[in-house]
Amino acid sequence: MRILVTGACGQLGAAVAAECGRAHEVAALGRGDLDVTDDAAVEAAVAGFGPDAIVNGAAYTDVDGAEDHPIDALNANAFAVRALASAARACGAALVHYSTDFVFDGEAGRPYTEADAPAPRSVYAMSKLLGEWFAADAARHYVLRVESLFGRAPGARPAKGSVAGILRALAAGEAAKVFEDRTISPTYVIDAARATRHLIERGAPSGVYHCVNSGSATWLELARELARGLGVEPKLVAVRMSDMALRAQRPRYCALANAKLAAEGFAMPAWQDALARYLETVRHDLAREAAGRQA
Ligand SMILES: NC(=O)c1ccc[n+]([C@@H]2O[C@H](COP(=O)([O-])OP(=O)(O)OC[C@H]3O[C@@H](n4cnc5c(N)ncnc54)[C@H](OP(=O)(O)O)[C@@H]3O)[C@@H](O)[C@H]2O)c1
């Protein structure tokens, strides 16, 4: 198959390009190669490569920044998806697009399923929900909702995000502030990339799929598990969301159920298992940083 990946230098885009590259011909396009907000460039890039599948790893991901820059968020997260879906339809390609747990309000008392109604509470969340709707313009489309991404593909830029931040603080013996009242189903980019490849190869039915590691945890529980895996005594400062001056509202409870993906033949591993595999990949780097601090 020929697979075109946009946002291919991003955390998830790089992992997808690496995973699909094991078995398929991949055009991995970073922002410098293709600005997805340029409709004409999207049309030309897709028509030129003639993909069987397009995977959109590009996004405006600054959740708080989107409150002040709604047009930028809408352009990258919604209107660009409309252009990608149109280009996919024109050449008969499947479109994979990523969305977020933030489309929910976080008021549920049980894991959200794909059948639950979205209720976005921030500009970022609204822009992502619009993107979900535009993705459905492609004849074959997969909207994968991921959450609290962590990990990186071999050779990719150093991982960012909250998990990487907590890990760095723990490894350096520094205090880390973590939410005790926000529940998540974290997602290892390597597992999300494998799930992406699986759905494309299987030709699964179009639709929304929750693509998170199995189970859920508060950020405090996740940080304790990281510390346990690292073998360090954590200095964790438990905070509540209301303690932090956050520009955008975050959902309080966002465990996602991934049974629909499992029914299509891809069972996402438990988040503890994913975290342990991620730690194995960074152990060497952390040891080198620790040696650097002691020198
Ligand atoms: N990270 C999370 O915890 C999380 C949680 C839920 C959902 N998601 C979703 O998962 C997907 C992947 O997120 P991620 O964490 O991998 O994001 P990321 O690391 O920030 O990667 C996004 C990539 O998109 C690129 N990009 C931004 N605007 C672009 C444009 N106009 N044209 C082309 N490329 C553009 C960025 O380039 P620059 O770096 O040069 O700007 C970056 O390389 C996104 O759809 C995101 O909304 C992420």
Side-chain angles (χ1 to χ4, degrees), residues 4-19 27-42 45-46 54-66 69 71-84 95-104 106 112 118 120 122-132 134-135 142-153 156-166 182 184-193 195-196 208-213 219 222 248 250-251 254 256 271 278:
L4 185 147
V5 181
T6 63
C9 299
Q11 197 174 3
L12 184 51
V16 171
E19 176 60 31
L29 306 182
R31 190 183 191 143
D33 309 305
L34 176 62
D35 178 348
V36 294
T37 64
D38 181 339
D39 290 7
V42 166
V46 172
I54 301 169
V55 182
N56 181 30
Y60 181 101
T61 55
D62 181 350
V63 174
D64 293 309
H69 303 283
I71 302 298
D72 291 342
L74 282 167
N75 280 336
N77 294 344
F79 299 119
V81 186
R82 183 176 61 180
L84 286 162
L95 175 64
V96 181
H97 177 63
Y98 299 100
S99 189
T100 168
D101 55 308
F102 279 31
V103 296
F104 295 117
Y112 285 97
S122 66
V123 171
Y124 168 77
M126 281 185 248
S127 71
K128 294 298 293 182
L129 181 59
L130 263 178
E132 290 192 0
F134 281 134
Y142 305 113
V143 172
L144 306 190
R145 289 189 184 134
V146 298
E147 174 171 10
S148 306
L149 289 175
F150 64 95
R152 65 166 161 157
R157 292 196 293 224
K160 48 178 201 175
S162 305
V163 172
I166 295 168
R182 188 164 131 65
I184 52 160
S185 295
T187 311
Y188 188 28
V189 290
I190 302 297
D191 292 338
T196 300
V208 175
Y209 290 84
H210 288 176
C211 180
V212 295
N213 283 110
W219 278 102
L222 185 146
R250 267 88 168 152
C254 256
L256 299 186
W271 65 267
Y278 169 54

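Each ligand, and each atom within it, is numbered from 1 in the order the structure gives.
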Legend entry - Distance in Å, Tyr124 OH paired with Asp62 CG, rounded so as to fall on 0.5 Å steps: 10.0 Å
Inset, instruction - Looking only at distances, please establish whether an N/O atom of ligand 1 is found under 3.5 Å from an N/O atom of Asp101. - result: no
Inset, instruction - Do me a favour and list the nearest non-hydrogen protein atom to atom 41 (O) of ligand 1 with residue, atom name and distance? - result: Arg31 NH1, 2.6 Å
Legend entry - Under-4.0 Å heavy-atom contact with ligand 1, by part of Ser99 that carries it: backbone
Legend entry - Minimum side-chain heavy-atom gap Arg250-Asp64 below 4.5 Å: yes
Legend entry - Polar atom proximity, Ala58 to ligand 1 (N or O, under 3.5 Å): no
Inset, instruction - Just let me know how Thr61 lines up against ligand 1, side chain, backbone, both or neither, with a heavy-atom cut-off below 4.0 Å. - result: side chain
Inset, instruction - Take every heavy atom of Gly161, measure it against each atom of ligand 1, and state whether any distance is under 4.0 Å. - result: no
Inset, instruction - Do me a favour and list the nearest non-hydrogen protein atom to atom 32 (N) of ligand 1 with residue, atom name and distance? - result: Val36 N, 3.0 Å
Inset, instruction - Return the residue, atom name and 0.1 Å-rounded distance of the protein heavy atom closest to atom 19 (O) of ligand 1. - result: Gln11 N, 2.9 Å
Legend entry - Gap separating the CG atom of Asn213 from the CG atom of Leu149, nearest 0.5 angstrom: 10.0 Å
Inset, instruction - Identify the protein heavy atom lying closest to atom 18 (P) of ligand 1, giving its residue, its atom name and the separation to 0.1 Å. - result: Lys160 NZ, 3.6 Å
Legend entry - Test item: Asn75 and Ile71 side chains (from C-beta on) under 4.5 Å apart, heavy atoms: yes
Inset, instruction - Among all protein heavy atoms, pick out the one at the shortest distance from atom 16 (O) of ligand 1; state its residue, atom name and that distance to 0.1 Å. - result: Leu12 N, 2.8 Å
Legend entry - Numbered atoms and elements of ligand 1 in range of Thr37, under 4.0 angstrom, heavy atoms: 31 (N)
Legend entry - Per-residue contact class, Arg145 against ligand 1 - non-hydrogen pairs under 4.0 Å: neither
Inset, instruction - Between Arg152 and ligand 1, find which residue part has any heavy-atom pair under 4.0 Å and reply side chain, backbone, both or neither. - result: neither
Legend entry - Between CD1 on residue Ile184 and SG on residue Cys254, distance to nearest 0.5 Å: 10.0 Å
Inset, instruction - May I ask you to decide if the ring planes of Tyr112 and Phe104 are parallel, tilted or perpendicular, using 30° and 60° as cut-offs? - result: parallel
Legend entry - Check: Glu147 N/O within less than 3.5 Å of ligand 1 N/O: no
Inset, instruction - Provide the number and element of each atom of ligand 1 under 4.0 Å from a heavy atom of Gly57. - result: 22 (C), 23 (C), 24 (O)
Inset, instruction - Answer yes or no: is there a side-chain heavy-atom contact under 4.5 Å between Val55 and Glu19? - result: no
Inset, instruction - Would you check the N or O atoms of Gly7, main chain and side chain alike, for any that come under 3.5 Å of an N or O of ligand 1? - result: no
Inset, instruction - May I ask whether Asp35 has any heavy atom positioned less than 4.0 angstrom from an atom of ligand 1? - result: yes
Legend entry - atom 13 (O) of ligand 1: the protein heavy-atom neighbour that sits closest, reported with distance to 0.1 Å: Leu149 CD1, 3.8 Å
Legend entry - Derivation and outcome, side chain to side chain contact (heavy atoms under 4.5 Å, CB included), residues Tyr98 and Val16: CA-CA 12 Å; Tyr98 299 100; Val16 171; 3.3 Å; yes
Inset, instruction - Within a distance under 4.0 Å of any heavy atom of Ser148, pick out the atoms of ligand 1 and give their elements. - result: 3 (O), 5 (C)
Legend entry - Under 3.5 Å: N/O of Thr100 near N/O of ligand 1: no
Legend entry - Distance in Å, Ile190 CD1 paired with Tyr278 OH, rounded so as to fall on 0.5 Å steps: 10.5 Å
Inset, instruction - Take every heavy atom of Cys9, measure it against each atom of ligand 1, and state whether any distance is under 4.0 Å. - result: yes
Inset, instruction - Heavy-atom distances under 4.0 Å are what count here, so tell me which part of Lys128 touches ligand 1: side chain, backbone, both or neither. - result: side chain
Inset, instruction - Working to the nearest 0.5 Å, report the span between CG of Leu95 and CG of Leu4. - result: 10.5 Å
Inset, instruction - Considering only non-hydrogen protein atoms, determine which one is nearest to atom 39 (O) of ligand 1 and report residue, atom name and distance to 0.1 Å. - result: Arg157 NH2, 3.4 Å
Inset, instruction - Could you check atom 44 (C) of ligand 1 against the protein and tell me its nearest heavy-atom contact, residue, atom and distance included? - result: Ala59 CB, 3.4 Å
Inset, instruction - Using a 4.0 Å heavy-atom threshold (strictly under), name the region of Leu34 that reaches ligand 1: side chain, backbone, both or neither. - result: backbone
Inset, instruction - Please report the shortest heavy-atom distance between Ser162 and Trp219, naming the atom on each side. - result: CB-CH2, 3.5 Å
Legend entry - Matching residue for Asp101 among Arg182, Lys128, Arg145 - test: salt bridge (Lys or Arg N to Asp or Glu O under 4.0 Å): Arg182
Legend entry - Contact (N/O only, under 3.5 Å) between Tyr124 and ligand 1: yes
Inset, instruction - Assess His97 for proximity to ligand 1: is some non-hydrogen atom of it under 4.0 Å away? - result: no
Legend entry - Nearest heavy atoms of Phe102 and Val63, plus distance in Å: CE2-CG1, 3.7 Å
